[in-house]
Amino acid sequence: LINSCLEKKGYTKKEKKNEEEIGEEGKSVFLELRPYKHVKENVLLWIKIKIGMQNIVDVKHDFEGVERMLQKGDLKIIFDSWLWTDNESNWMERPYYSFMQAFIHKWIYRLPIDESHAVELSSDTAYIYGKIKRLLADYRKEDKNFAFEKDIREEIAKDIAKGITEDKT
């Protein structure tokens, strides 16, 4: 899923770390991805995705008469997005212009060129986050013991509305 999202958004995938450890409580996996995308010659969009899974064990679940093998454990995903700009070549060619541009950008006015790249980076990160969240929510829907917060809030609102109408009668 993550690979297809990255390909759709035009990122080049780079896997930094992949560790797997088997213990008595279960398996632990740590994966760090660092996809990147060159937007311009001197602008790079970079997303760090750290995925940590602990206490992974195989369990059998019966869903609507079909027995499935699933894995159960703790999952933690961390997103860290970076906008890299390399102005070293500009500095060597035109030092005064580069200094003034950096000064104005830092203290007076944020240049809109950099803002568009930051918006693109945050939207790409939100897209990947949303896809992962939807996938995990689909697996949760099959678990009859789990209740979503949204469903609980709707039930409480119905109960409150029902209680208000009973009090009036």
Side-chain angles (χ1 to χ4, degrees), residues 1-89 105-106 110 113-160:
L1 174 75
I2 294 174
N3 290 339
S4 64
C5 290
L6 293 172
E7 287 175 10
K8 184 175 181 181
K9 292 295 183 177
Y11 282 84
T12 303
K13 185 183 149 201
K14 181 180 176 187
E15 186 174 311
K16 175 146 185 346
K17 190 186 284 187
N18 188 350
E19 296 177 352
E20 186 173 331
E21 186 179 305
I22 298 174
E24 290 183 20
E25 292 108 26
K27 185 167 52 170
S28 296
V29 177
F30 179 77
L31 178 66
E32 185 174 342
L33 303 173
R34 293 196 177 173
Y36 61 91
K37 176 166 64 170
H38 287 282
V39 180
K40 285 179 159 182
E41 181 181 316
N42 64 340
V43 177
L44 177 75
L45 306 181
W46 185 48
I47 304 173
K48 231 191 311 189
I49 305 171
K50 293 181 181 180
I51 303 169
M53 298 173 273
Q54 288 83 28
N55 306 326
I56 301 171
V57 292
D58 294 328
V59 292
K60 291 182 182 180
H61 278 287
D62 184 36
F63 295 114
E64 299 172 1
V66 178
E67 194 170 279
R68 297 166 96 184
M69 268 309 259
L70 298 175
Q71 292 181 329
K72 181 179 179 180
D74 302 322
L75 175 67
K76 183 177 185 181
I77 302 175
I78 300 171
F79 292 93
D80 193 10
S81 302
W82 293 81
L83 176 64
W84 287 77
T85 56
D86 178 25
N87 294 320
E88 185 176 330
S89 60
H105 178 71
K106 177 74 176 179
R110 192 164 194 80
I113 297 168
D114 291 339
E115 287 294 323
S116 66
H117 299 308
V119 169
E120 180 181 1
L121 179 62
S122 62
S123 69
D124 291 348
T125 306
Y127 174 77
I128 297 167
Y129 169 79
K131 287 288 193 178
I132 292 171
K133 190 171 182 177
R134 270 187 243 119
L135 176 70
L136 295 174
D138 286 344
Y139 280 107
R140 277 293 196 186
K141 287 179 185 173
E142 294 178 357
D143 188 359
K144 302 298 183 201
N145 299 327
F146 183 78
F148 285 97
E149 181 181 351
K150 181 180 83 170
D151 298 335
I152 294 171
R153 287 179 185 260
E154 289 174 2
E155 287 180 27
I156 291 172
K158 287 178 186 174
D159 290 344
I160 290 173

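Everything numeric in this text was worked out from a predicted model, so none of it was measured.
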Polar side-chain atom of Lys37 near backbone of Lys9 as donor-acceptor pair, under 3.5 Å:
yes

Let me confirm one number: the NZ-CD1 distance from Lys158 to Ile156, rounded to the nearest 0.5 Å.
12.0 Å

Distance from Asn3 atom CG to Lys13 atom NZ, nearest 0.5 Å?
4.0 Å

Set of ring pair (Phe, Tyr, Trp, His ring centres under 6.0 Å) partners for Tyr36, sequence neighbours left out:
His38

Just how far is it from atom CD1 of Ile51 to atom CD1 of Ile2, taken to the nearest 0.5 Å?
3.5 Å

Close side-chain approach of Asp58 to Leu70, heavy-atom, < 4.5 Å
no

Only residue of Leu83, Thr125, Leu45 satisfying side chain to side chain contact (heavy atoms under 4.5 Å, CB included) with Glu120 is Leu45

Can you tell me which residue pairs pass the side-chain hydrogen bond (donor to acceptor under 3.5 Å, both in side chains) test with a partner in residues 20-31, sequence neighbours excluded?
none

With rounding to the nearest 0.5 angstrom, report the CD1 to CZ distance, Ile128 to Phe79.
6.5 Å

Between Lys131 and Leu1, what is the shortest heavy-atom contact and its length?
O-CD2, 3.7 Å

Only residue of Lys50, Glu15, Lys17 satisfying side chain to side chain contact (heavy atoms under 4.5 Å, CB included) with Leu31 is Glu15

What class does the angle between the rings of Trp82 and Trp46 fall in, given that below 30° is parallel, 30 to 60° is tilted and above 60° is perpendicular?
tilted

Measure across Val39 and His117 and return the closest heavy-atom pair with its distance rounded to 0.1 Å.
CG1-CE1, 3.2 Å

Nearest 0.5 Å, what's the CD-NZ distance between Glu32 and Lys14?
10.0 Å

Give, for atom OG of Ser81 and atom CG of Asp124, the distance between the pair rounded to the nearest 0.5 Å.
8.5 Å

